Amino acid sequence: MPMERLKEPMGSRIDRTERVSFRFEGQQYSGYRGDTIASALYANGVTTLSRSFKYHRPRGVLSMCGQDSNAMVQIGAKPNRLADRILIEADLNVMGQNYWGSLEKDRLAMLRHLGRFMPVGFYYKAFYKPRWMWPLWAKLIRRVAGLGVVSLDTPHGYYDKEYLFTDVTVIGAGPAGLAAALEAADAGAEVLLVDENAELGGALAYARFDGAGEAAEKTRADLIAKVEAHARIRVMTDATCTGWYADNWLPLIKDNRLYKLRAGALVVASGCYEQPLIFHNNDLPGIMLGSAAQRLIKLYGIKPGNRAVVAAANQDGYGVALDLLDAGVEVACVVDVRADPPEEDMSAALMRRHVPILAGATLREAVPSAGGRGVRAIKIARLESETKSAARYDSFACDLIAMSGSYVPAAALLHQAGGRVSFAADNGSFSVHDLPEQLSAAGSVAGTNTLENVLSEGAAAGRRAAGEAGFTVSDDSAASAAPEEAPGAWPIIAHAKGKDFVDFDEDLQIHDIENALSEGYQHIQLLKRFTTNGMGPSQGRHATLPAIRLAARRTGAGLDETGSTTSRPPIGPLTMAHLAGRSFEPVRYTAMHYRHVELCAKMMPAGAWMRPEYYGDARSRADNITAEAKNVRENVGMIDVSTLGGLEVRGPDAAEFLNRMYTFAYLKQPVGRARYVLMTDDAGVIVDDGVACRLADDHFYVTATTSGVDGVYRTMLWYNVQWRLKVDITHVSASYAGVNIAGPNSREVVEKLCDDVDLSPEAFPYMGARRGHVAGIPALFLRVGFVGELGYELHVPASQGEALWDALMEAGKDADIRPFGVEAQRLLRLEKGHIIISQDTDGLSTPHEADMAWAISRKKPYYVGMRSVAIQEAGGLKRKMVGFELANDAASTPKECHLVIRGSTITGRVTSIVRSPTLGKVIGLAYVAPDQAELGTVIEIKTDSGQMVRAEVVKLPFYDPDGARQEM
Amino acid sequence: MTILPQDHSRRSFLYRELESAGAEFEDVNGAAVAMRLGGDAAAEAAQARSLGLCDLSGLPRTGFKGWNMATWLTGQGAEMVTESNIVTPQSDGTRIARLAPGEALLLGDDHGASALIENTDAAWSMETSDGCFQVPRAETNFWLTLSGTHTPALFAKICAVDLRPEAAPPHRVVQTNVARLNAIIIRRDIAEVPVFDLLSDVASAVYLWRALLDAMEEFDGKPIGLTALRTLR
């Protein structure tokens, strides 16, 4: 039965006109629009939200704002969601986590009796003996470990990213942040104000700053009105800044978007984390931070208990007590750890309401209620020192314990920026140092708590930030501050019965930390990793400082000297979807792309390009490829070669430049002729090949491989920066569309469309280059023979590529012209023994190994890689590329990369292999040992099944060795 | 008079995307250019002021690079500043974007006319190049224009460079990366409406067109024809 809510103005976040139903652990509950799951459950009397990691202890509300992992639940397919931040929605289905059975009746709760067998770090020393037990342990551990369930059917969502630029960014819209934003905007800066909550105001929305309880709301309303009216302030709520990177680059997460923000100057006003006190059973439901109780009251209109005890270390605890009284909660007493707390506005107001204040005392032991789902009393003792309390305990009946006044700054962003936090040795105060330029801290994150000081410090930070962003500011010195009250430090006193939790996430108690220190893990980084203290979902917000204090106490070092663990992004949970965002995957289409699709091509990726693999039904893939190849050999086929690289090399030194870049010779290459190009790197390794067409004395059009051209272009530019030859290199790969029309009838087809180039073999021999028109389209004609037949490569302006294809297909109709794809081309070139770079070469292939020594000029003084090639030649070959064929009765056909094996030694591998329809046999290229390269040598190749297949080394090319067909 | 892109030898790589959006084409500069998107003209004009995407790939453009580029171009009557990444408008409506000390991009006006481009393309040859070489920008790059008040916000989703008015004033050239493509962005506000030219690899035109439309959806952006763009005066 849901409890009645407190009257307005309590419950600022809820809409009492709309009830929302949801399910938790299979049961129906309802709350108000604006309730979080945790607040709605609390209002329904459900105080257990989860089970702890190791001992499966029931856990409930601790921070009520997502700073702890007690509130982690499973919502549908999403695990580890924070119930105290997620709003209830109709039909929301929420489940607890980390139990066996049910949240209420967890069978694994019996583990709390086995604590002595699970000391800190026990898993480093257990489970591995006897070895045969490990599979059984692994099964059990897998079952009990982890939090939440990942669904493999998680639906995809749309996530994206956006870049943002601001003059000044303020993280945190509490009083300091609001003041900073206003000052910076008044100075002329464009300001982005970011807060993780749905509303502005920070602690002003729930905390108490004065005895009358009026200052917070008045200040909040005033500041928010000014911010909302300011034209230069953009507000982003429900947004988390999840890290700090160099030069104030900040990722912000809001809804499904990751904002990549660059801030000219940054003000961090992110507040601080209230700390729990450590005592026996300090983790029971009903024991929460003071600010959590205030949030329940002010934001959700929920009375957090009936009778409370408040632990305090400064005035904030008294504010909590006053708020509890105003909400109708009986306050049994306030336990102040300070021996002599000063009387101030709120403590005086509390005394006027006759609440006992026990000074110089601390909480020692919480007494659980029946069933252990809550608390029924607290035992309190006088403090004798920070490490010792009196033996005598006084017991107070209560169902609510609120802990308030000890803080740790929410300084992750400052740490990531190189800042340091120093804690005082003898009280709870701290300060921030070593911040880089363009970054300021203000408010409680900087150790300032008095409202007046927070506002002036925020304003000063805003002025400073605006100045750092380049705006003129009047005076950036802070006004003299009112004295700050130093809070008391929470005592850390071990309890004989243990269960005095330092880290709630990892179920670590004081003796766990002490034992690790005793084992020698005294460096804070080692202590963290050995104990896992601070490594849970709450990222050490409540666990790190106590561990530092315990370590410092043990070693005798100061807190600064003990240091802290490293804060790394992300701050808080971050989904993989946010990191991935909307994926941009560029894809390149040739001008003829849609013609291939219309002809039922199976398209395949070739780098970023899409190319036709073959045309026709996938079920007849092999037959289609064979038919395409046969058509080229016997008739005329056409392939889209637009993806090939194209480079214009122009200028007086063009020939000299090519002469240096490639292995062959180009100075005397005649105009109108094409010549093979082979590129090696400084190590003499083959990196690319193509053809260079000389169009004029000072003009070459050079082709390169589809995947290699970008690298070739960069390499050319890089070398010419040093050589400073008078040459211009222009990357024109995409500027031209191209086709290779090949086959004995290809000339006939092209002649129909071309009347300004003499295509006769006498006028236009093999390896010639001409310029003319095809179907009225200006074209570069190249007679090259990659597939080993009469053929013309036609390069035209890209915008006219589709028109060219259409014209040739029309002109070739009578000849039954057919398109052919990449697979047929690969087959045809292999029949001619032509290598494909990166298929038949690898990262170590040299020209001599690849049987390409014929492409090396021995008469020129230099080319890139020349010295290395000479050294390789002098040193002798370690492997050699050969052509081979299988006997027709070979039981199985090897594949590419299958190994050539002699005895027990690998001597090489297959690089290309195909069943040749033209030759009626299986042919291929392979690297073999040099002494296996002689013609007629039989080599053995190992196939998938382990079978050894015999092949014979034969002369290349396999087909038309005289080249008559390509030169006709 | 409306025409079909397939009847022209020169075709934008985006003509199918535009056809499916209902485009009506006319001959501009010898190419089939999408003039209208088949809907209400006033709505399309309003779209141009809000967020519109227009394909100008058929309009004239060219490029020149080399160690004597500046000398050669100014010798042809062009006016250019020495600073890179700045656009200099010419008297005939052509805009010259200096991409580097040794490279310039020339863009014709929205009516498909550019005497300077015509003249320089005709004047240039390898024989007389003398350290200045032509770059086939009309083929290498597609040319899109994004217009409207939401344009800077759109770019923020796909480009890391700050294109807010105060950071990228008119006549500024930005050579950067857009949705993982190398791109040239030129700001040229028209009557205080933000307008950006976007040029990138022609083979990636369909990919970027679709990526832009996806990013524009949040702002209710749509393709527009050249006629709507011309209303921004």
Side-chain angles (χ1 to χ4, degrees), chain A residues 158 160-167 190 257 259-260 262 581-591 593-594 608-610 642-643 648-652 654 695-699 724 726-737 775-777 796-804 806-807, chain B residues 5-13 15-16 31 57-58 63 65-67 69 102-103 125-127 129-142 153-164 166-167 178-181 200-208 210-211 214-215 218:
Chain A
Y158 186 94
D160 67 1
K161 299 178 184 175
E162 182 178 326
Y163 293 89
L164 277 181
F165 301 88
T166 63
D167 296 322
E190 291 293 329
R257 180 167 288 170
Y259 292 86
K260 299 194 253 190
R262 181 77 71 185
R582 185 207 183 283
S583 62
F584 292 113
E585 294 175 22
V587 63
R588 304 178 82 184
Y589 290 164
T590 71
H593 174 82
Y594 289 100
W609 293 97
M610 294 302 289
S642 304
T643 66
E648 301 266 27
V649 178
R650 297 173 287 188
L695 302 177
D697 283 341
D698 53 359
H699 184 187
R724 296 187 179 276
K726 282 262 192 263
V727 65
D728 177 83
I729 306 123
T730 303
H731 195 328
V732 293
S733 299
S735 311
Y736 298 104
I777 301 168
V796 300
S799 63
Q800 293 173 290
E802 189 177 86
L804 174 74
D806 291 346
Chain B
Q6 296 93 317
D7 293 339
H8 272 243
S9 177
R10 285 182 59 216
R11 301 168 197 176
S12 165
F13 273 55
Y15 83 81
R16 283 182 180 78
S57 299
K65 67 198 277 276
W67 51 93
M69 179 277 297
E103 183 159 10
S125 70
M126 270 305 300
E127 289 75 24
S129 58
D130 191 26
C132 175
F133 303 94
Q134 193 181 42
V135 180
R137 288 284 180 185
E139 302 295 334
T140 304
N141 300 134
F142 63 78
L154 163 75
F155 271 112
K157 292 171 66 175
I158 51 174
C159 178
V161 173
D162 187 358
L163 292 175
R164 294 175 300 157
E166 55 270 38
V178 172
R180 293 187 65 199
L181 288 183
S200 186
D201 164 49
V202 70
S204 304
V206 171
Y207 154 75
L208 191 62
R210 293 175 184 172
D214 177 82
E218 178 182 348

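Scope of the values below: all heavy atoms of this structure, side chains included, with no hydrogens, waters or symmetry mates. This one's a predicted model, so the numbers in the text were calculated from it and none came from an experiment. Order of the sequence lines sets the chain letters (A, B, ...), proteins ahead of strands, with each chain counted from 1.
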Next item on the list: Sequence neighbours left out, what passes side-chain hydrogen bond (donor to acceptor under 3.5 Å, both in side chains) with Asp806(A)? Give chain and number order.
Entry: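 Partners of Asp806(A) under the side-chain hydrogen bond (donor to acceptor under 3.5 Å, both in side chains) test: Arg595(A), Arg11(B).
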Notebook entry, point to check: Hey, which of Ala591(A), Ala696(A), Ala608(A) has the most heavy atom pairs under 4.5 Å with chain B?
Noted result: Ala591(A)
Next item on the list: Determine the option with the most heavy-atom pairs under 4.5 angstrom with chain B, choosing from Tyr589(A), Tyr158(A), Tyr736(A), Trp609(A).
Entry: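 Result: the option with the highest number of such pairs is Tyr589(A).
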Next item on the list: Name the region of Thr730(A), side chain, backbone, both or neither, that has any atom closer than 4.5 Å to a heavy atom of chain B.
Entry: both
Next item on the list: Tell me, for Val732(A) versus chain B, whether the close heavy atoms (under 4.5 Å) come from the side chain, the backbone, both or neither.
Entry: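 Side chain of Val732(A) only, per the 4.5 Å heavy-atom cut-off to chain B.
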Check: So does Glu648(A) pair up with Lys65(B), basic N to acidic O under 4.0 Å?
Finding: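 Not counted as a salt bridge, because no side-chain N and carboxylate O are separated by less than 4.0 Å.
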Next item on the list: Please flag which part of Arg16(B) lies under 4.5 Å from any non-hydrogen atom of chain A: side chain, backbone, both or neither.
Entry: side chain
Item checked: Part of Glu218(B) within contact of chain A (heavy atom distance under 4.5 Å) -> side chain
First locate atom [atom1] of [X], then atom [atom2] of [Y], and finally report the distance between them rounded to the nearest 0.5 Å.
| X | Y | atom1 | atom2 | value |
| --- | --- | --- | --- | --- |
| Asp728(A) | Glu103(B) | CG | CD | 8.5 Å |
| Phe133(B) | His699(A) | CZ | NE2 | 9.0 Å |
| Lys157(B) | Arg582(A) | NZ | CZ | 9.0 Å |
| Lys161(A) | Ile158(B) | NZ | CD1 | 14.5 Å |

Notebook entry, point to check: Which of the residues Gly58(B), Cys159(B), Ser129(B) is involved in the greatest number of heavy-atom pairs with chain A at under 4.5 angstrom?
Noted result: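 Most pairs with chain A among the choices: Cys159(B).
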Margin query: Quick check on the interface: out of Val135(B), Asp130(B), Leu208(B), Val206(B), who has the most heavy-atom pairs with chain A under 4.5 Å?
Written below: Val206(B)
Looking at every heavy atom in both [X] and [Y], which two are closest together, and how far apart are they?
| X | Y | answer |
| --- | --- | --- |
| Pro136(B) | Ser735(A) | CG-OG, 3.6 Å |
| Glu139(B) | Ala798(A) | OE1-N, 3.1 Å |
| Ser9(B) | Ala803(A) | O-CB, 3.6 Å |
| Ser204(B) | Arg588(A) | OG-CG, 3.6 Å |

Check: Quick one: are Leu181(B) and Phe584(A) in side-chain contact, heavy atoms under 4.5 Å?
Finding: no
Next item on the list: Please list, chain by chain and in numerical order, all residues satisfying side chain to side chain contact (heavy atoms under 4.5 Å, CB included) with Phe165(A), sequence neighbours excluded.
Entry: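 Testing Phe165(A) for side chain to side chain contact (heavy atoms under 4.5 Å, CB included), a comparison that skips the adjacent residues, returns Tyr163(A), Arg262(A), Asp162(B), Arg164(B).
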